[in-house]
Amino acid sequence: MKTLTIMIVFPLLLLSLVTICPAASSTEESVPVPEAAVQSPGSQVPGNLHEQDGTSGGAATKNEVKAPVDEPIDDNEMTGEEGPRIADPFAPTNRIMFEVNDRLYFWILKPVTQAYAHIPEDFRVVFSNIYDNLKAPGRAINNLLQLRLKGAGNELLRFVINSFVGVGGMGDAARDAFGIKKQEADFGQTLGRYGFDHGFYLVWPVLGPSSLRDTVGRAGDHFLHPLTYVHHEDLSTTASVGISVHERVNDASFRMGDYESFKEAAIDPYTAMRDAFVQHRKKKVQESLQD
Amino acid sequence: MRILKIMLRTYIVGALLMLGLTFPVTAFAGLPIDTVRGHSDKVLEVLRDPSLKPESAKQLRKDKLRAISEKMFDFTELSKRTLAQNWKNLNPGQQQEFVELFKTLLGDTYADKILSYTDEKIVFNKEVSLTEKTVEVHSTVMRKTAEVPIIYRVILKDGVWRVYDVVVEGVSLTNNYRTQFREILSNKPPESLLETLRKKVGKSEQGSKK
């Protein structure tokens, strides 16, 4: 009886295993990776819904997880791998702005940052923490708007812990002592999550690459920043500009050489920057949708 | 109930058998994550080697890095995926030259950029399989004030896992170059793209000799 069952059941099961889930069996078993199967549901979210054009970018490769795997990989025609694109009706002026920012970097930001970087790193990290902590309320609200409740809660907790235990955000006690990790979220991303497209590409002087959507996002984030609500008598315009400049320089001191190597690697830096911007922002929106 | 138990057992045995059939092929190549980590460690070793730090040792360091990247990357696959549909518009000779030029450009600049995080810790988090022969290896570079996620996309060919794309903060290397090349190729012949690359590579070669 037992052997009979096995004789009948076993081939049937084997058959069903092969026929019903060929994709599953080959993706999960051919590559002996435990995490692979765990991660795939997240990456199956169609992420290109809200981006410029329908052709999928990095998402295309990710979505292949659920697709049949017998695709000829050696085939030269990787037609499905188009990255996200963005309309650039103001390309001529954007290119000029790109050049302006390029000069600003090499003539001002870089020399200033180089001098500034003589300040010991530990101090610069403290400044970086303070500035970052001020952005926590904005992150919390955006996480909330994006329905990423855990992220929202974490950011709120981080703000409270770092403001008090970390004395005004000087240290990241929330991460170091409590293991609460930062969860980035911005208003442009929130808009993207709810289906707003970039509109078109924009390069702002000083601020750099953006889009119509992300410009609105930036304005939104400005209103979520605590310093926006400090009274003029307490914080003059000059002082607040000074703070922004210091924040920028302090931040740049941790990425010295990045822009140079980016430019050196690019064939057309303007296009490379625009594409990097779109890809990066698309990932942010995808992350929000996957959470 | 007993039947159920037997069914379950046979199912497991069947699954294991299936696993056994497919396992040896990939097991032979090792885990993608180990392969990438191995290369990454070697690169860091070179970058951190004090005897290779001085300006005079720059060429030697570059040669060493190139030797590693040669093993780490599948430059042909990378080139094909970067040019996508445009790949077949190049004749075999042009294709070969493109791969060589692109390899030099990436070796000199992009590799330097990715791996310039010398004093930061790199953590290899996990693997995510894309297709039967392609896997994503997820890593994080711990910088002082931020964590930079870097994903290596690797492909299995001839029993070896090689990188065909690197994704930094969501920005895919091949996608980024594809956009740039597409703009050039949209109104110019392949030869003109090669000329641009030759100039670019020549310039960075000169720059490195300075």
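Just so you know, these numbers use all the heavy atoms, side chains as well, and skip hydrogens, waters and symmetry mates. The sequence lines fix the lettering, A, B, ..., with proteins before strands; numbering per chain opens at 1.
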| message | How about CZ on A:Phe127, more than 12 heavy atoms from neighbouring residues, nucleotides or ligands closer than 6.0 Å, or not? | response | no
| Within a reach of under 6.0 Å around CD of A:Glu260, are more than 12 heavy atoms found that belong to other residues, nucleotides or ligands? | yes
| said: Among residues at least two apart in sequence or on other chains, which ones pass ring pair (Phe, Tyr, Trp, His ring centres under 6.0 Å) with B:Phe98? | reply: B:Phe102, B:Phe181
| Full working for salt bridge (charged side-chain N to carboxylate O under 4.0 Å, His left out) between B:Glu169 and A:Arg281 | CA-CA 9 Å; B:Glu169 289 265 26; A:Arg281 295 303 293 168; over 6 Å; no
| Distance, nearest 0.5 Å, that separates NZ of A:Lys282 from OG of B:Ser172 | 10.5 Å
| Which distance, rounded to the nearest 0.5 Å, do you find between the CG of B:Asn176 and the CZ of A:Phe277? | 13.5 Å
| task | Taking heavy atoms only and a threshold strictly under 4.5 Å, list by residue number the residues of residues 246-253 of chain A that touch chain B; give 'none' if the list is empty. | result | none
Do the side chains of [Y] and [X] get nearer than 4.5 Å, heavy atoms only?
{"X": "B:Val167", "Y": "A:Gln279", "result": "no"}
{"X": "A:Asp275", "Y": "B:Gln180", "result": "no"}
{"X": "B:Leu105", "Y": "A:Ile267", "result": "yes"}

Region of [X] that comes under 4.5 Å of a non-hydrogen atom in chain A:
{"X": "B:Thr179", "answer": "both"}
{"X": "B:Ile184", "answer": "side chain"}
{"X": "B:Leu83", "answer": "neither"}

| note | Looking only at A:Ala266, A:Ser128, A:Ala272, most heavy-atom pairs under 4.5 Å shared with chain B are made by A:Ala272
| said: Using a 4.5 angstrom heavy-atom cutoff, name the option from A:Arg274, A:Lys182, A:Glu287 with the most pairs to chain B. | reply: A:Arg274
| query | Are A:Glu264 and B:Lys200 close enough for a salt bridge, meaning some N to O gap below 4.0 Å? | reply | no
| query | Do B:Glu147 and A:Lys181 pass the side chain to side chain contact (heavy atoms under 4.5 Å, CB included) test, and can you show the C-alpha distance, the side-chain angles, and the key distance before you say yes or no? | reply | CA-CA 11 Å; B:Glu147 292 180 2; A:Lys181 278 198 160 185; 3.4 Å; yes
